[in-house]
Each structure stands twice: as structure tokens, then as C-alpha cells.
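Below is one structure, written out as C-alpha cells; the observations come after it.
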There are 2 protein chains.
Amino acid sequence: MQLDDRKKKILHAIIRNYLETGEPVGSRTISKYTDLNLSSATIRNEMSDLEEMGLIIQPHTSAGRIPSDMGYRLYVDTMLEDKEREITEMKELMIQKADRMEQVLKQVVKILAANTNYTSIISAPRMHHNKLKFIQLSQVDEHQILAVIVVEGNLVQNKMFQVEEPIDNETLLKLNILLNTSLNGLTLEEINLGMIAKMKEQAGIHSQVVSSVLDAIAESIQVEEEEMEIYTSGTTNILKYPELSDNDRAAQLLGALEDKKPLAGLLEDSQEHENSTGIQVYIGSETPVQNMKDCSVVTATYDLGDGMHGTVGIIGPKRMDYDKVIGTMKTLMAQLDGIYKRKESDD
Amino acid sequence: MQLDDRKKKILHAIIRNYLETGEPVGSRTISKYTDLNLSSATIRNEMSDLEEMGLIIQPHTSAGRIPSDMGYRLYVDTMLEDKEREITEMKELMIQKADRMEQVLKQVVKILAANTNYTSIISAPRMHHNKLKFIQLSQVDEHQILAVIVVEGNLVQNKMFQVEEPIDNETLLKLNILLNTSLNGLTLEEINLGMIAKMKEQAGIHSQVVSSVLDAIAESIQVEEEEMEIYTSGTTNILKYPELSDNDRAAQLLGALEDKKPLAGLLEDSQEHENSTGIQVYIGSETPVQNMKDCSVVTATYDLGDGMHGTVGIIGPKRMDYDKVIGTMKTLMAQLDGIYKRKESDD
DNA sequence: TGTTAGCACTCTATATAAACGAGTGCTAAT
DNA sequence: ATTAGCACTCGTTTATATAGAGTGCTAACA
């Protein structure tokens, strides 16, 4: 069967209406809602066709139709116009706090959730492929050394560790130079056993300190590994949509949102399947997370520059306002893109 | 009317039973449940008295009784035995990650939520009255200076800022010495305008850098101020209790939990009203947060040593297992108490 | 005087049935 | 090709009956 122009219009009307009301939509509604000037009977015939094509579904015999996953898919793929929306407050807020990436991310999810009325999540950039930029050891007090590790993108990690006895200033300076000359410019993967051995040799009596620093580096990576940093906001928004808020489903969903492990999987998956637009839409059962099969998820990959990239996602009911969400995502991505890179070249 | 021993026992039995089942409890149940060997009729008389005294309530004429807020209050105040419970895993996990306070706190809420099946929250210690311990400026690259600020309790703050042109090593060293000698040992409030002027004078041409550092210090405090850091865990646990999980109530509650502003108020309030045991119980309408008037909240103040103290809370249904919760809280507090102080004296 | 068995009464929760109404599919007329 | 009309379906709502848990009260008992 052919999906002619009229069928498209009707499908579009059905979906739009369903997005608004969350109720199955009947032929009469469409007959009035559109400017096609067709009677409900005609619409009924068309709807029957659309159902046959798998684009809409009848929840039960005598109910209106709701979009199927496939219907949504078509809607998302072909029927959305690109609307540019101004989210000026975003930009301001982001630039303001740009010196702390964590803050930026938290800000972003918050704004997204507030703007869309859905749940939003964001993953912090992984630092694997980032280059070490700077290492500094300081003697904080008699028995404690503070290691400050800066990687590209000005991500700062602190690690405090104990030493048996104070290290004098000069030695500390030497160690600092050793560490910086040996490690600077390397990605975290490039630090291998051979180098470590060499550095320890040069550090002589203080090889223990070198070990500690390397441990610190390793540890700070590992933390990111085992539980990828993820921020969420507006988790309770899902309670606003009756089809998700009945008790079992809501508990499952909120549970998944709190757990963050499944979320990590989701965001990773979306990065793998990245397409040209950078925006991914999972509809219903398309999502890799079982608990979210009644939801839709829109994800986008951001790139802050300096190799820092992560994923941001919006989770809502299948009848989410794809148009608005994708629009918001796009402008947001535009704002985030290279926010750090730009900053550096600004100076 | 007198609350004699038998009445106490019956009230106790009613509450315990209600905590378990969440259903109104009838006279027959109590008659069998207790070892009083009384008939249901007698119990009925006693219950009638207890109701008259305002300790229990009938939801409707022909239902069993449930505890009133007052009844819970009595239960909490007088009827709980101090049971010591072992939460060994807590200690281990905490010591493990003790070098990052943030991690410790996150760990603590998680464990609490998991152990009790209620929602738990914790506030990060305020740093107001902490002394500055160490300041270090480093030249990260041509135009960027990293300031690392360590306060008592090894709380580390990083702040990156821009400079017009590179500062040579020697000058940086001097600035470091200046900052450290001027500011070390001071609480953040003690830094006044006079000192600042003096330092700027000594810094001469680099007074700008001093300003930046002071700004950084001020800013890092301010962040804590405006939105007190609060971690939550197990928020979805409340959905396990039918009396809280109907749609409206649940949405309100979860909203309040996500917002964190009301939570901050709650935790502050509890710190103000601290009593000798360090543990506070808010039952139903006693809580300062409107949205939680159907819940009970148990809070406790912890003290990590070095003036770092904050509050931890557990939020659950009014029929929460006060006994267990308070027990858990107590042992937890014991674990947390002076965890940093102890650590330092260990070395 | 305290305790208890018994019973009528109350009120919710559950089950069952009936009425309603939104929406469909089909047919026949335009 | 479109549409009016109509019988039919099926979930939702409303009404009604029933069951059961629990109470308060009374009277009997130790």
C-alpha cells in the first residue's frame, strides 16, 4: 500500500493529537482537527489502512488509535521540521560556570529537564584519551603529600597520600620536574611499565612517591570506569504522564534512573550508534534498557573540545514531543560544542 | 486517665504490628499477638481508652486502630530499647574511601538506604569555620594559573584562572610563600579587608593574582552556601509503601527529594534543635517540610572531626521501624565520629 | 471490680450486573 | 471517491448486593 500525502497528514494529526492528550484518538476528532474537510467515515477508512500498514494500533476493538513504535519512528524520521528555538538562558548559565565542568553538566541536565518536562541525564566525559597536562606535588603537612593532576580540558584531580617522613623542598621540586617531563603530553594509556620502571629508578629513594602518584592517576581513572559519572534531573517528571506513572512501571523506571548502571549502558550504546546528526532516538522497545521499553529516549553526543565528549539524553513517554525535544537538543549541542576549545582561543 | 503498664504493652503491640503490616490492627489480632492472655473484648476496652487518650486512631468506624502521631511519639520517646546492630560493611567501606570526603558521604547514604529500605539523605559539612591549611599556585600553561586550596579536614578546592602573561617561577614561589604565611591557620571568616590590602601591597605588580585567589576562596565558599551539597539515595524506596505511593503524594515527595532546597531546610532545622543524643525524630506533621507531613524523618548529626559536621537523615513512612532506624543511625554515627581526626593521629 | 462471651451494628472492600458511550466496520446512497 | 447511517464491540462508569472485619454494648461470670 502507498503512504500517500493524505495518509501522511492523517498520521501526523493522530500522532500530534495523541502527544497532547495521551488518549487514543478517534476518527471524529481527526475529522475536525485537520483542515482536510473529510468526514469521520473517510478518516476511518484511511485509519484502517494505516493500521494495516502497522503505523497505528488499536488498544482494543472499540477505542481510537494510538501510534505504534513504527509510527513514531516514521514521524521522527520524516515529519519533523527543524525549528530553531532560543534557549538563551542556557548559554549564559553555561558560560558563567564554565570553569567547573561538573557544574556545567549539572546545569545542563537541569535546564533540559526544566525546559522539556521530561527526565534528562548526562554522562561526564571519559578522560581516557586525554593527555596529561600538568602534575604538581605539594607538601601539605608533615606526613601528607597532595598530588594535583591536570589533564587536557582542565580536568583537575586531587589525591592526598601519606609519607613516612617529610620530603624537603628541593627533592619535591626535583620530583615534580621528573614527573612532568616524563609524563606530560601522554595519554593515560600510554603510560607503560617500562616508563614506570625508568621513573622509579630516577626517583631513587623516593620511588615510593612516584608509585603513589601513578596509583593516584590510575585510581582516578578507575573511578570513572567502574561507575561512569552520570547526572540526572527531573526524574519525577515521568510521574506527570499517566501511562508511566502507575505504580509498578514508575517504580521500575525510577529505580533504573537511580541505579545509573543501565543508564551508562544506554548512553554508551548511543555513542556507538552515532549517526551524522549526532542525535539518536530510541522509541519504545528500541531502547537497550529493558525497564524503559515504555519510554522513548532521545540522546545526543556533545563535544566540549579537547577530546572531552559525552552523551546527554532525554527520557519521556513514547508520546513525547519529539519535535521540541530534538530542537532543544540541537541548540543545546550547538552551545556546548567546543565550549572549552573556544574559550582557550579567546584569550 | 493513667497509662498503666498493660496499656503500654497493648499500645506497643499495636504499633509494632502496624509497622509490619501497614494495616489497621484490630482487637482480636492483639489478643493473640501479645502474651497478655486477654480476650479481644478486654483489648477493645483498653483500645477504647487509648483512643480517648489520643494515642491511637480509628480511620473509620469499623476498622482497627492505627497509631496517631502522638502515639508514635510516645513509642519513640519511651519504648525503644537500645539495640546495638553490627553494620560491619559500613566501616570497611568508609575507611576505604576516607581520603575523599564526598565519596564517604555518598557511600554512607547508599548504605543507609540499602540497610533500612527507606530514603536517606546527607548534607556535606560546611566549611565556614575551617582553617586554611595550604595554598598552592601553579602555572599550568602560558595563560593559566591553578590555585589549589586545602582546608582543615583535607578538603581540596581547585580554581583555574587566567593571567595576561606568564609569571616566572621565582615570582610564583614568592607569591606562594606570601599567601601561605598570610593566610594559613585562618578561618575563612577571619580574612578581612585589612589583610587583603596588606597582601596586595606586598604582591606589588601581581596584586591581581592575589585578588583572583581570594575570589577563588570566596567563590568556593559561596557555592556551598547557596546550595548546600546534599546527597540522596533510595528515593524510590518510598514507592514500596502503599500509603505514600499513591500518585499525588509520591510525586510531591519525590519532587521535594529532588529539589534539595527543602531538604536543606530540614537538615538545618534538625541541627538547630539538636539534643543530647544527637538524634532527632520528626513524626508526621512535626516535620518542617510541608510535603513530608505523611512521613517520618529521623536525623542525626555526625562529626568527622576537624570541625566538619553535617546531618544525615532517613525519610520513610510514619510506620517506619523506628527501632531499627535509630539503632542503625547510632552505630553509623559511632563509625563516622572523628573518622578524620582518628586517621591523623594514627600515622 | 475486672474480664469475657455474644450479638447487633457499622462501614469498607469486593463482586456482580447494568447502563453508557466512544469508536469502529460495513453497507448503501450520493 | 466520499459520506451518512446503523449495528456492533468493548472498556468505563454507575449502581447494587454481599461479605467480612471490627467495634461498642450488654449481660454473665469469677
Side-chain angles (χ1 to χ4, degrees), chain A residues 1-11 13-15 17-18 20-68 71 242-243 246-247, chain B residues 1-11 13-15 17-18 20-68 71 242-243 246-247:
Chain A
M1 192 167 312
Q2 256 302 65
L3 189 69
D4 58 31
D5 216 51
R6 198 172 71 177
K7 282 193 173 50
K8 266 188 197 164
K9 265 195 182 153
I10 293 175
L11 177 60
I14 294 175
I15 295 183
N17 191 280
Y18 182 66
E20 271 173 36
T21 64
E23 298 287 312
V25 1
S27 51
R28 230 176 95 77
T29 314
I30 297 301
S31 156
K32 282 186 288 185
Y33 189 76
T34 61
D35 50 359
L36 289 169
N37 275 331
L38 293 173
S39 78
S40 61
T42 315
I43 303 290
R44 272 204 290 284
N45 292 329
E46 295 287 40
M47 281 166 90
S48 190
D49 292 349
L50 286 171
E51 180 161 18
E52 203 178 312
M53 295 163 77
L55 294 171
I56 52 179
I57 288 174
Q58 252 183 314
H60 56 86
T61 326
S62 69
R65 308 299 215 289
I66 63 174
S68 70
E243 68 268 43
D246 77 273
N247 243 321
Chain B
M1 193 170 313
Q2 256 301 65
L3 188 69
D4 57 32
D5 217 50
R6 197 172 72 177
K7 281 193 173 52
K8 267 189 197 164
K9 264 191 183 158
I10 292 175
L11 177 60
I14 293 174
I15 294 183
N17 192 281
Y18 182 65
E20 269 174 39
T21 65
E23 298 287 312
V25 1
S27 52
R28 230 178 95 77
T29 315
I30 297 301
S31 155
K32 281 187 291 186
Y33 189 77
T34 61
D35 51 358
L36 291 169
N37 276 331
L38 292 173
S39 78
S40 60
T42 315
I43 303 290
R44 272 204 291 285
N45 292 331
E46 295 287 38
M47 280 166 92
S48 189
D49 293 349
L50 286 171
E51 181 162 18
E52 202 178 314
M53 295 162 79
L55 295 170
I56 52 180
I57 289 175
Q58 252 182 315
H60 56 84
T61 326
S62 71
R65 309 300 213 288
I66 63 175
S68 69
E243 68 267 44
D246 78 273
N247 244 321

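Atom set for the values below is all heavy atoms of this structure, side chains included, hydrogens, waters and symmetry mates excluded. We name chains A, B, ... by the order of the sequence lines, and we start the count at 1 in each one.
- Other residues, nucleotides and ligands contribute only 12 or fewer heavy atoms inside 6.0 Å of the CG atom of B:N37.
- Computed from coordinates, the B:I66 CD1 to D:dA21 C1' distance equals 16 Å when rounded to whole Å.
- The CE atom of B:M47 sits 9 Å away from the C1' atom of D:dG22 (whole-angstrom rounding).
- Rounding to the nearest 0.5 Å places CZ of B:R65 at 7.5 Å from CD1 of B:I14.
- A:Q58 has its CD atom 16 Å from the P atom of C:dA22, to the nearest Å.
- Scanning all heavy atoms of the two residues, the minimum distance from A:M47 to A:V25 falls at CE-O, 3.6 Å.
- Closest to the B:T42 side chain, of the nucleotides D:dT23, D:dA4, C:dT4, is C:dT4.
- If you check C:dT4, D:dA4, D:dA21 against the side chain of A:S39, the one that comes closest is D:dA4.
- Comparing A:G64 and A:N45 against DNA chain C, the residue whose closest nucleotide sits nearer the 5' end is A:G64.
- In this structure, CD1 in A:I15 is found 11.0 Å from OH in A:Y18, a value given to the nearest 0.5 Å.
- Here the nucleotide nearest the side chain of A:S27, chosen from D:dT23, C:dT24, D:dT3, is C:dT24.
- Remark: P of D:dT23 and CG of B:D49 are 13 Å apart, rounded to the nearest angstrom.
- Between C:dG21 and A:R28, no contact under 4.0 Å exists linking OP1 or OP2 to a side-chain N or O.
- Taking atom CD1 of B:I57 as the reference point, atom C1' of D:dG22 lies 17 Å away to the nearest angstrom.
- When each of C:dC11, D:dC10, C:dT4 is scored by its nearest atom to the side-chain atoms of B:T61, the top-ranked nucleotide is C:dC11.
- Rounded to whole angstrom, the span from the NZ atom of A:K7 across to the C1' atom of D:dA1 amounts to 12 Å.
- Residue A:A63 is classed as a sugar-phosphate contact, given heavy-atom separations below 4.0 Å to backbone atoms only.
- One atom, NE2 of A:H60, and another, P of C:dT24, lie 10 Å apart when rounded to the nearest Å.
- Remark: C1' of D:dA1 and CD of A:E46 are 10 Å apart, rounded to the nearest angstrom.
- Ranking C:dT3, D:dC10, D:dG24 by closeness to the A:S62 side chain, first place goes to D:dC10.
- Interface remark: the A:R44 side chain does form a donor-acceptor pair with the D:dG5 base, using a distance-only criterion of under 3.5 Å.
- From B:L11, atom CG reaches atom CG of B:D49 across 12.0 Å, with rounding to the nearest 0.5 Å.
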